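Taking it in order: structure first as structure tokens, then the write-up.
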Amino acid sequence: EDWTIRLARHIRPSSEKPIKLLDLCTGSGCIPLLLCHLWPPGSVHAAAVDISEDAVRLSLDNAQLCGISIPEDSSSILSSRNTFSPILANIRDPCFAQHAALKGPFDVITSNPPYIPKAEYKTLPKSVKDFEDIRALLGDPDSSHDSRGLTFYHAIAHLIARERFLSDGGVVAVEVGQGQAADVERILREEGGLGATSVWKDPWDVERVVVASRT
């Protein structure tokens, strides 16, 4: 919530110059739905992706509860309202960028991806492990990757590096786990081709978000 509100102040879209937002690993949809609520009507059209059918349904329910418009299809964007379109897809699928529902380039890409390393996951309290989908937590789903919880940041960077996926001047904001900010900055620079990066701290003075832009 804290960094999403800050992002809403950092970027100022308008109905005259609306933007396209893509939220990856959206879960409940809380990030794009809050942005849809905070930004002026007609200023943002959000797409939200998750691999979980339950998460996509939950984000859809939340959008309806919050009164955020849901287009009947990707071509029926309402110019006078902010819109939210949930998408069931796997961002690590090699064909993800060609998904029919993704209409880029995107002006803003956000994500709070799974980032808990395997070793740390094993130590999580039962109140977390027993009630949270492991896919929403574990940052290293494949044994072939390192164990620092960074797998999804590599996937996001590879998407950003694709031609016409992130617009010129586009902004990327990703939440990170404790101690991961420097690594994620490097990944977005070296693999995503983003030249300008910064780190935002949370209210407890922990490095929590890496923000980058295409200049």
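Since we're looking at a predicted model, the values are computed, not measured.
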(Q) Within the supplied structure, the quantity of interest is the number of heavy atoms (other residues, nucleotides, ligands) at a distance under 6.0 Å from E163 CD; does it exceed 12? (A) no
Q) With side chains defined as the heavy atoms from C-beta onward, is the minimum distance between I91 and C25 less than 4.5 Å? A) yes
Q) Side chains of R135 and S52: closer than 4.5 Å at any heavy-atom pair? A) yes
Q: Look at the side chain of N62 and the backbone N and O of L33, then say whether any donor-acceptor pair between them is shorter than 3.5 Å.
A: no
(Q) Surrounding CD of Q64 (heavy atoms of other residues, nucleotides or ligands, distance under 6.0 Å), is the total greater than 12? (A) yes
Q. If you link I, L, V, M, F, W and Y whenever their side-chain heavy atoms are under 4.5 Å apart, who else ends up in the same group as L88?
A. V56
Q | Close side-chain approach of V176 to E207, heavy-atom, < 4.5 Å | A | no
Q. Short question: side chain of S15, backbone of G42 - any donor-acceptor pair under 3.5 Å?
A. no
Q.
side chain to side chain contact (heavy atoms under 4.5 Å, CB included), that's the test. Do D54 and R57 meet it? Break it down for me.
A. CA-CA 5 Å; D54 289 337; R57 279 195 296 269; 2.4 Å; yes
Q: Determine the minimum heavy-atom distance between R162 and A97, stating which atoms define it.
A: NE-CB, 3.2 Å
Q: Check P113 against Y153 and note the closest heavy-atom contact, atom names and distance.
A: CG-CE2, 3.5 Å
Q: Side-chain contact test, heavy atoms from C-beta onward, threshold under 4.5 Å: evaluate it for E175 versus I31 and give yes or no.
A: no
Q: Quick one: pull up CG in D61 and OG in S28 and give me the separation to the nearest 0.5 Å.
A: 11.0 Å
Q: Can you measure from CZ (R92) to OG1 (T151) and round to the nearest 0.5 angstrom?
A: 6.0 Å
Q. side-chain hydrogen bond (donor to acceptor under 3.5 Å, both in side chains) between D50 and T26: does it pass, once the steps are laid out?
A. CA-CA 6 Å; D50 205 281; T26 198; over 6 Å; no
Q. For the hydrophobic clusters of this structure (ILVMFWY residues joined by side-chain heavy atoms under 4.5 Å, transitively), does one cluster hold both L166 and I87?
A. yes
Q | Exam field: side chain S69 to backbone T83, donor-acceptor pair closer than 3.5 Å | A | no
(Q) Name the residue from D107, I109, V108 that meets the side-chain contact (heavy atoms from CB on, under 4.5 Å) definition with K20. (A) D107
Q. How far apart are the closest heavy atoms of R12 and R9, and which atoms are they?
A. NE-O, 3.0 Å
Q) Backbone N or O of D202 within a donor-acceptor pair of the W3 side chain at under 3.5 Å? A) no
Q. Can you check whether K122's main-chain N or O pairs, donor with acceptor, with K129's side chain at less than 3.5 Å?
A. yes
Q | CZ-CD distance between R186 and Q180, expressed to the nearest 0.5 angstrom | A | 11.5 Å
Q: Mark yes or no: R6 above the aromatic ring of W200, with NZ or CZ under 6.0 Å from the six-membered ring centre and no more than 45 degrees from the axis.
A: yes
Q. Of the non-hydrogen atoms in V49 and A89, which two are nearest, and what is the gap between them?
A. CG1-O, 3.6 Å
Q.
Just to verify, which of I11, T4, I5 counts as forming a side-chain contact (heavy atoms from CB on, under 4.5 Å) with L7?
A. I11
Q: Decide yes or no for L194 and R189: does some side-chain heavy atom of the first lie under 4.5 Å from some side-chain heavy atom of the second?
A: no
Q. Would D2 and R208 pass as an ion pair if we require N to O under 4.0 Å?
A. no
Q: Dump the intermediate steps for side chain to side chain contact (heavy atoms under 4.5 Å, CB included) on K118 and L138, then the final yes or no.
A: CA-CA 7 Å; K118 285 183 179 179; L138 189 60; 3.8 Å; yes
Q) Looking at CZ of R81 and CD1 of I70, how far apart are the two atoms once the value is rounded to the nearest 0.5 Å? A) 11.5 Å
Q | CD on E132 to CG on L137, rounded to 0.5 Å | A | 5.5 Å
(Q) If you count every heavy atom of other residues, nucleotides or ligands that lies below 6.0 Å from D168 atom CG, does the total exceed 12? (A) no
**Q.** same_hphob_cluster(L24, V211) at 4.5 Å side-chain heavy-atom cutoff
**A.** no
Q. So do the side chains of V184 and V174 get within less than 4.5 Å of each other, counting heavy atoms only?
A. yes
Q: Give the minimum heavy-atom separation between F152 and P114, together with the two atoms involved.
A: CD1-O, 3.6 Å
Q) Is L159 linked to V210 within one hydrophobic cluster, defined over Ile, Leu, Val, Met, Phe, Trp and Tyr using a side-chain heavy-atom separation of less than 4.5 Å? A) yes
Q: State plainly whether one hydrophobic cluster holds both I160 and V171, where clusters connect Ile, Leu, Val, Met, Phe, Trp and Tyr through side-chain heavy atoms under 4.5 angstrom apart.
A: no
Q. Any donor-acceptor pair under 3.5 Å linking the side chain of E191 with the backbone of A161?
A. no
Q. Between F96 and F165, what is the ring plane arrangement, given parallel below 30°, perpendicular above 60°, and tilted in between?
A. tilted
Q. Can you find a heavy atom in the side chain of D23 that is under 4.5 Å from one in the side chain of F84?
A. no
Q. Quick one: CG on L150 to OH on Y115, what's the gap to the nearest 0.5 Å?
A. 12.0 Å
**Q.** Validation row: V44, L35 side chains within 4.5 angstrom (heavy atoms)
**A.** no
